[in-house]
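Computed from a predicted structure; not experimentally measured. Indexing begins at 1, ligand by ligand and atom by atom, following the structure's order.
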Amino acid sequence: MKIYIDGKYYSRADARIPVFDHGLLYGDGVFEGIRIYNGNVFRLREHIERLYQSAKALYLKIPVSKDEMEDAVLRTVEINKKANGYIRLIVTRGEGPLGIDPFQCKRATVIIIVADIHLYPEEYYKKGIEIITASTRRMSSDCLDPRVKSLNYLNNVLAKIEARQAGCLEAIMLNRDGFVAECTGDNIFIVKDGELLTPSSYHGALDGITMRTVMEIAESLGITTCETTLTRYDLYNADECFLSGTGAEIVPVVKIDGRVTGSGSPGAITKMIMKRFILIIQI
Ligand code: PXG
């Protein structure tokens with residue numbers, strides 16, 4: 001494994017960042033998780049755009065251009081000879097003195113890791129998964145905009161702990177008002193009366209790249225989509241439910257807080273979208 005740090009490559013054992021990096025000290029930085037399918041990096045430009053937008057919101061200057069970043073990602077994939085895998089692209093505030101002040105950090109650090117992806121077992125995609133609502137709320141959008149994919153994931157970590165303790169893989173996170181936001185690392189969709197509904201970033205969801213792909217697929221199938229306010233009642237009474245994310249791709253949900261979703265097995269629209277998604281990633 002060859003890891004990129006600021007233009008140089010290091011083995012896994014030698015890839016280190018200083019303990020004074022504000023990414024470590026304050027979670028001050030941004031990241032992207034990206035997939036490689038059959039040698040192609042999926043929606044790379046979209047991930048890079050989102051990374052730079054997250055950074056801009058944090059007043060974080062990325063020391064390379066978008067084109068240079070794209071080249072660096074592609075070169076790192078090539079050097080690691082990975083036809084299928086996972087890219088973790090990280091930009092930290094960089095090294096500085098102890099103290100929050102980001103203006104004391106001279107240069108942001110860029111890290112690119114290319115690794116294997118740990119997939120959910122196949123049966124989850126066939127049978128669907130059970131999820132719960134976490135008591136931990138998603139960071140509210142007036143505190144930190146959920147479109148910022150930052151290195152601060154503590155709310156999500158706490159919700160993930162709740163999921164695992166309940167014997168589930170994922171947990172629903174509500175926003176501060178109690179409306180559905182998303183899951184800890186996935187967006188959430190429901191199908192109701194033939195329409196596809198998902199919370200927007202105003203409700204606390206990350207503007208997911210897989211979510212956007214799902215919306216495009218749905219529209220191409222003539223299914224109406226809407227980013228809207230959803231309550232737990234809406235989830236419990238949905239005809240179908242699924243999660244979308246770079247890691248999980250599209251995974252059907254068949255039980256929410258003990259309530260069976262629709263027929264109790266992955267729904268027809270969910271399966272149609274999953275089928276199209278597989279075709280798109282294989283291109
Ligand atoms: N919400 C949150 C909070 C996320 O972190 C998504 C939604 C889905 O977005 P994309 O753009 O991936 O469709 C994410 C994505 C990991 C990992 O290693 C996490 C994500 C993506 C890839 C890997 O935990 N989060």
S65 and D67: side chain donor to acceptor below 3.5 Å: no
Pairs meeting criterion ring pair (Phe, Tyr, Trp, His ring centres under 6.0 Å) with involvement of residues 45-89, two or more places apart: Y59-F103
Modelled atom types, side-chain donor and acceptor of D257 and T133, under 3.5 Å: yes
Counterpart residues, side chain to side chain contact (heavy atoms under 4.5 Å, CB included), relative to K127 (two or more places apart): E123
Less than 3.5 Å apart, N/O on ligand 1 and N/O on the protein: could you list those pairs with the distances?
unit_1	atom_1	unit_2	atom_2	d
ligand 1	1 (N)	E182	OE1	2.6
ligand 1	5 (O)	K149	NZ	3.1
ligand 1	5 (O)	Y153	OH	2.4
ligand 1	11 (O)	R50	NH1	2.8
ligand 1	11 (O)	R50	NH2	3.0
ligand 1	11 (O)	I209	N	2.8
ligand 1	12 (O)	T246	N	3.0
ligand 1	12 (O)	T246	OG1	2.4
ligand 1	13 (O)	I209	N	3.4
ligand 1	13 (O)	T210	N	2.9
ligand 1	13 (O)	T210	OG1	2.5
ligand 1	18 (O)	Y86	OH	3.2
ligand 1	18 (O)	R88	NH2	2.8
ligand 1	25 (N)	K149	NZ	3.0

ILVMFWY clustering at 4.5 Å (side-chain atoms), partners of Y202: none
Close aromatic pair by centroid cut-off 6.0 Å: F242 and F277: no
